[in-house]
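Report on the following structure.
Naming convention: chains lettered A, B, ... in sequence-line order (proteins, then strands); numbering from 1 in each chain. None of the values given here were measured: they were computed from a predicted structure.
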Amino acid sequence: MTETTGRHLLEHELEERLDALLFASPSHRSIGRLAAQLEPLPRLRQELVLHWAGVAAQTYAEIGHLIASLAPEVLDKLGDAGFESWVLAGLDAYDKHGLRPAMERLRDVDGFRAAAQGARPAAFEEVEVRLGRFVQGLSGRPLALRAGSAAWTDTETIFLPKTLGGLPDIVANRRLYKATAVMLWAQTRYGTFAADLPAALARWTERPRAIAWLSLLEAVRLEACVGRDLPGLGAELAAQRGDWPTILAPMIGRLSVADATVADSLACLADCMESGAEPPLLIQSGTLDPEAALRMRDERIARETRVLRKALGALRGAAGRPAESEPALTVAPAADGVTLEFRIEGDVVTLPPEAQAAVQSLVQDLGELPPEVLTPAGPGSWQPTDRREAGTTLAGENPEAIRYDEWDYHRRAYRRGWCHVVEHSLGGDDDAYVAEVRTRRAPLIAQIRRRFEALLGEDRVMGRQPDGDDIDVDALVEAVADRRGGREPSARLFARRLRNQRSLAAMFMVDMSGSTKGWVNDAEREALVMLCEALEMLGDAYAIYGFSGWTRTRCDIYRVKAFKDAYDAAVRARIAAIEAKDYTRMGVAIRHLTGLLVAQPARHKLLVTLSDGRPDDFGDEYRGHYGVEDTRRALQEAHQKGIRSYCITIDRQGADYLKHMYGPANYTVVADVERLPFKLADIYRRLTAA
Amino acid sequence: MDRYDSLSPQPARIDAEPYYHPVADEVPLFEAAWRRRLPVLLKGPTGCGKTRFVEYMAWRLQRPLVTVACHDDLTTSDLVGRYLIVGNDTVWVDGPLAAAVRAGAICYLDEIVEARKDTTVVIHPLADARRMLSIEKRGELVPAPADFMLVISYNPGYQSVLKEIKPSTRQRFVALEFDYPDAEEEAVIVAAEGGVDMELARKLVKLGGLTRNLKGQGLDEGASTRLLVHAAQLAAAGIAAEAASVAAIARALTDDPDMTDTLGDLVRAVF
Ligand SMILES: Nc1ncnc2c1ncn2[C@@H]1O[C@H](COP(=O)(O)OP(=O)(O)OP(=O)(O)O)[C@@H](O)[C@H]1O
Ligand SMILES: [Mg+2]
């Protein structure tokens with residue numbers, strides 16, 4: 001701190017000092033406002049704020065900015081010492097969890113104060129990853145976790161409060177998160193929504209009381225279910241809740257037996273409601289929203305019905321039937337007795353995979369296929385639904401664009417020359433970025449390099465050479481035997497050491513869509529730096545391209561490093577320049593880059609894609625199932641050309657379409673963006689291990 | 001020169017019945033393939049019983065078994081045979097493949113993708129209608145007797161681009177697909193192999209199922225039957241089930257500390 005006494009600094013002086021500290025912050029423009037806020041503070045506090053804002057800005061300019069902007073409030077609430085520990089906690093969060101958690105931690109001034117006073121609530125972000133994996137392990141189907149205002153589930157997502165502070169310390173609060181999530185998972189697993197709850201609850205006028213009672217009764221039943229299947233977890237739930245409220249005592253027996261269902265809870269509910277008692281509070285039971293769960297089920301049914309009807313309409317179109325006539329459509333169990341067989345005008349037809357999945361899901365929800373879902377969608381529904389909305393006109397067509405076909409799964413055919421690709425070289429002159437990452441990540445780079453060293457393996461000994469630095473004993477013995485046996489001995493009796501030849505070319509395709517903005521983009525760039533540092537050691541041929549775009553007529557490919565480019569200052573500057581742009585039309589990017597990769601002389605060719613979620617594009621249906629099918633198709637085309645592909649998705653929700661799109665063995669989900677830099681290099685290492 | 005039979009390995013028969021619990025129709029399929037002289041390819045994740053199955057079938061069909069664990073330095077000579085110098089003489093010694101052919105044994109090439117591509121080619125004439133082993137160095141063509149059978153295995157979960165099985169190789173084989181058995185059957189196996197009661201075996205299998213739910217979500221593979229058996233064996237030796245599971249399953253599956261935590265949570269959930 002330069003000076004600690006004297007008159008307080010005036011706005012323009014503060015502005016100058018802040019400007020020097022925070023010049024790198026994207027929020028730089030608002031520095032005038034910051035200065036005005038800080039002006040009324042005494043000099044001592046002004047210097048304190050400037051000091052810590054400066055320290056933080058060296059880590060990350062934006063954090064410095066946030067600290068300065070919240071400083072008056074924090075100093076007021078927490079005092080000088082409190083202010084310092086608040087800053088340190090924020091920087092600590094940055095080191096451990098990254099930018100966004102750090103910013104959130106700093107913004108939660110009240111949470112910090114509560115923690116300082118002893119009762120520290122747990123935050124959803126702290127538990128999300130570990131708990132998400134745990135629930136995934138329990139359920140085996142994608143059940144997303146999201147922060148919401150209450151704890152409940154709609155059967156496809158578990159919502160949990162942003163913070164939980166009901167228990168005295170943070171460890172207990174984290175356990176509470178776990179218990180709550182488990183109870184909600186149990187609702188979906190053990191049939192809470194199997195009964196028509198909205199109808200059953202309609203009996204009671206005091207709906208909130210009825211719901212509170214039902215949640216509680218179900219909690220008793222579900223805990224018993226969990227305890228039977230997973231005793232350890234059951235014991236944890238029981239310990240967490242303590243003793244059951246005495247008012248429940250007469251019902252526990254009935255609800256805990258193995259064949260108790262939600263109908264038993266509903267029967268008990270009637271008694272409880274009639275008794276007039278208020279339901280005691282159970283901290284981990286969560287609540288119920290039967291309508292939302294039902295809506296989710298209805299939506300699922302409507303969605304699957306649409307898919308099925310559309311597929312049937314397309315099949316009818318393909319069969320050459322006039323669209324207006326009602327086709328004679330029949331559905332009957334197939335010979336295997338399990339699947340259903342569809343016939344149009346007597347001919348057996350095969351449904352596309354998504355329609356088959358829809359049939360399975362409908363049968364699960366409805367028990368059978370009712371006739372209305374079997375009406376094919378209206379005429380022309382198989383036509384491409386690509387409406388040319390604003391910005392998608394062909395007017396801006398670029399004559400240099402290369403055209404690629406795209407797969408239309410409705411038609412089961414390609415749309416010819418549908419996508420227009422323009423390759424750009426990414427401009428950039430920031431040569432400091434890579435140097436900075438290299439320094440900051442030096443230990444990790446060293447670790448990755450050590451692991452890569454193992455790939456180089458031993459030198460290979462080539463036997464039976466006409467000359468060399470060693471004698472090949474096998475060959476010699478054979479030659480001796482041949483001579484004795486009267487045959488002509490071979491003269492190739494030497495062995496030669498050869499450097500291990502990997503003959504591998506790898507293409508890295510990096511998502512530059514708008515959704516990567518912020519820390520995904522940061523992680524991508526860091527990951528590429530690590531990768532280059534490691535790959536340079538191996539000598540494999542590699543290229544890096546970014547992709548983004550805006551509709552099918554403007555698919556942009558950005559060259560970061562071509563195969564022929566060396567990893568030099570220009571390439572390093574282009575890595576720094578990778579930024580979030582528009583949309584993700586993945587199929588066409590795969591097709592274009594596959595073309596570049598095929599031209600490589602290497603024996604093994606590998607395409608690694610890095611993206612942050614579903615394929616998506618503006619204005620047409622690419623973001624839906626269409627994009628998934630096109631991407632899948634493009635990967636299959638690559639496979640036919642002898643290219644192995646591997647897809648890395650940074651998708652916190654880890655959705656179920658991935659397996660279909662990428663093929664089960666060929667992708668990985670990185671839930672924790674922070675780990676991407678290490679992961680990318682490590683995945684490459686595993687993919688190319690000999 | 002023709003003293004090879006004294007130095008060459010003599011494939012041995014399996015006397016005691018290996019424990020194998022059939023999970024689908026793999027036993028009749030294998031038998032039918034053997035009778036029709038078709039080679040067999042076993043696919044499946046690691047530790048799901050492929051090796052054990054072959055041992056069992058060899059016993060059942062009363063054939064000697066020759067197993068070769070393939071690795072990337074395995075040369076054609078290692079499989080087919082080579083000359084050795086004995087005193088002043090050179091003597092031919094059969095490799096395991098040639099020995100198996102002569103003895104009418106079952107030859108099991110485990111993890112075939114590990115072998116070098118040029119090595120795999122020697123099995124081609126053996127694996128199609130010719131059923132011949134060509135021993136180039138001796139200028140000898142050995143026809144395989146009716147009893148001889150070639151079995152190869154591979155784990156499709158392998159992700160390396162450098163390890164793919166060529167279509168010309170795989171299309172010579174009848175393929176049997178293995179996977180982890182249903183929970184109850186897997187529990188029977190774990191109880192029998194691990195020497196624990198069914199109650200503990202069921203819990204271990206439950207844990208195995210939970211870890212398999214995490215495949216592709218941070219784990220390359222879930223726990224194999226082999227790992228469950230290992231945990232059971234530790235438990236049978238007196239280690240507490242929870243600790244045994246952490247050591248034999250959680251730590252064996254991953255080095256990632258976060259993932260180990262999650263697996264630890266799952267272990268605690270089950271016990
Ligand atoms: N069906 C089964 N019957 C009996 N034991 C089994 C069975 N399946 C698995 N096992 C047990 O699992 C262990 C591992 O099986 P095995 O070694 O045959 O696996 P594998 O499929 O050959 O694996 P890898 O691909 O890693 O070689 C066996 O030692 C045995 O204890
Ligand atoms: Mg094996």
Does anything in residues 262-271 of chain B pair up under salt bridge (charged side-chain N to carboxylate O under 4.0 Å, His left out), and if so which pairs, sequence neighbours excluded?
R130(A)-D265(B), D265(B)-R268(B)
Counting only non-hydrogen atoms closer than 4.5 Å, does R675(A) touch chain B with its backbone (N, CA, C, O), its side chain (CB onward), both, or neither?
side chain
Do other residues, nucleotides or ligands put more than 12 heavy atoms under 6.0 Å from the NE2 atom of H124(B)?
yes
Pick from K203(B), R202(B), K206(B), E242(B) with the largest number of heavy-atom pairs that fall under 4.5 Å of chain A:
K206(B)
Taking every non-hydrogen pair under 4.5 Å, which of V480(A), V473(A), D474(A), V182(A) racks up the most with chain B?
D474(A)
What option among T262(B), T211(B), L207(B) has the most heavy-atom pairs under 4.5 Å with chain A?
T262(B)
Examine F508(A) together with Y684(A) and report whether their ring centres are nearer than 6.0 Å.
yes
What distance separates T688(A) OG1 from Y646(A) OH, expressed to the nearest 0.5 Å?
12.5 Å
I'd like to know whether CZ of R483(A) has more than 12 heavy-atom contacts from other residues, nucleotides or ligands below 6.0 angstrom.
no
Under 4.5 Å, counting heavy-atom pairs only, tell me which of L263(B), L266(B), D261(B) racks up the most with chain A.
D261(B)
